Protein chains: 2
Amino acid sequence: MNNPELRYQALLTTLHERGSRLTSHRLALIRLLSTSEGHPNAMQLYESLRLQFPTISLATIYKTLALLKDEGEVLEIDLHNDSHYDGNKPYPHPHLICTQCHKIFDGDEITAIQKINQEIEDRYNFQISRHQLVFYGMCWECREKTDR
Amino acid sequence: MNNPELRYQALLTTLHERGSRLTSHRLALIRLLSTSEGHPNAMQLYESLRLQFPTISLATIYKTLALLKDEGEVLEIDLHNDSHYDGNKPYPHPHLICTQCHKIFDGDEITAIQKINQEIEDRYNFQISRHQLVFYGMCWECREKTDR
DNA sequence: CTACTTGCAAAGCCTTTGCAAACTA
DNA sequence: TAGTTTGCAAAGGCTTTGCAAGTAG
């Protein structure tokens, strides 16, 4: 999913069809989730939304995220005591985390995952249903800065 | 590392050379870590050790684990609000987690990881330093039980 | 003997829950 | 209006920390 507007509409439709109410806070949150590429955590979403909605609470963020997770519209990335959320690409895919600038990048174009999946099925007779793959290291931007 | 006794000695040596004191609780913990293949979490280690050492505390488990992590002798696996520990193979390697029996298996024989690493370096110009790869699904044992 | 380690309890951090008030449809 | 959602505060679960008492070297 690359078009944030389409993604926004998709999330909106899901909530609507589910019979959930579209409050202003929820609309703002799904807007943020569908457009942001930054893989924010709950606190970051809270801080962002608080600018526009000073009375919004962290609990509401968590409750709405739980709702969207249930619907399979948001992917939770479990890092060390710190969950981040991807509402743009809710299907399992690798993430690259820069240990220098702490940005989280999508690694959803990696084709060799097929090979790993195949090997796991073959070698361990293990039937994969989902995965969480995180690679830590230095992103291209930080490499450039460091090399110079 | 396949030989638990060698692994035990290695952990012991690390602690000794570090100048750390080898208390009975620590010895029992590293014995457990070096032999167990089960990837226990802190509570499971605590429950095990409590049988032999009724006065041991969870805090001691955590403090010793932190020590061994610092020394690179224990790998922490970050699951959802639940860290598990691998003292047998402290280097990053894939883990297969059965969603049925909840066992954690090592996937350290998977060769296709090289391909993924290569692809990430090439495609994203990202320099990997470590990774945490978790595959969820059904293990061969549970598949057999289910198929019948 | 000295410095490190221990157990206990308290605190931290992230996340979830209970509930009355507010709000959507 | 009826039922959902909200914010607040409290509680939960896992992990860390402070400190006096205990222990290894």
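Just so we're on the same page: letters track the sequence lines, and every chain starts at 1. Bear in mind that the values here come from a model prediction, so they are computed numbers and not experimental data.
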| query | Any side-chain N or O of A/His25 under 4.0 Å from OP1/OP2 of D/dG7? | reply | yes

| note | B/Glu121 and A/Arg143 have their tightest heavy-atom pair at OE1-NH1, 4.0 Å

| field | Presence of B/Thr23 side-chain N/O under 4.0 Å of C/dT6 phosphate oxygens OP1/OP2 | value | yes

| said: What's the closest nucleotide to the side chain of B/Arg21 if the choices are D/dT15, D/dA24, D/dT5? | reply: D/dA24

| request: Measure the distance from CG on A/Asn41 to C1' on C/dT15 and round it to the nearest whole Å. | output: 12 Å

| query | Judged by modelled atom types alone, do B/Asp78 and B/His84 share a side-chain donor-acceptor pair under 3.5 Å? | reply | no

| query | When the distance from CD1 of B/Ile61 to P of C/dG7 is rounded to whole Å, what number comes out? | reply | 8 Å

| From C/dT17, C/dT15, C/dG7, nucleotide with atom closest to B/Ile56 side chain | C/dG7

| query | How long is the line joining CG of B/Leu15 and P of C/dC4, in whole Å? | reply | 15 Å

| field | Within 6.0 Å of NZ in B/Lys69, more than 12 heavy atoms from elsewhere | value | yes

| message | Please determine whether a side-chain nitrogen or oxygen atom of A/Thr60 lies at a distance below 4.0 Å from atom OP1 or OP2 of D/dT5. | response | no

| A/Met43 CE to C/dT16 P, straight-line distance once rounded to whole Å | 13 Å

| What integer distance in Å separates A/Leu27:CG from D/dT4:C1'? | 15 Å

| Given atom CZ of A/Arg18 and atom P of C/dA25, what is their separation to the nearest angstrom? | 14 Å

| request: State whether A/Arg26 places a side-chain N or O below 4.0 Å from either non-bridging phosphate oxygen (OP1 or OP2) of D/dT4. | output: no

| said: So if I take every side-chain heavy atom of A/Ala42 and compare against D/dA2, C/dT15, D/dC8, which nucleotide ends up nearest? | reply: C/dT15

| task | Among the candidates C/dA9, D/dC14, C/dT17, find the nucleotide nearest to the side-chain atoms of A/Ala59. | result | C/dT17

| request: Go through D/dT17, D/dT6, D/dC14 for me and flag the one nearest to the B/Tyr62 side chain. | output: D/dC14

| said: Using the rule that Ile, Leu, Val, Met, Phe, Trp and Tyr join whenever any side-chain heavy atoms are under 4.5 Å apart, tell me whether B/Leu65 and B/Leu27 fall into a single cluster. | reply: yes

| query | Whole-Å distance between C/dC13 P and A/Leu79 CG? | reply | 18 Å

| field | B/Asp82 CG - D/dG13 P separation (whole Å) | value | 13 Å

| task | Answer with yes or no whether the side chains of B/Gln114 and B/Gln118 bring together a donor and an acceptor at under 3.5 Å. | result | no

| So which one's nearest nucleotide on DNA chain C is more toward 5', A/Leu22 or A/Tyr85? | A/Tyr85

| When you measure from the side chain of B/Leu58, which nucleotide among C/dT5, D/dG25, D/dT15 comes out closest? | D/dT15

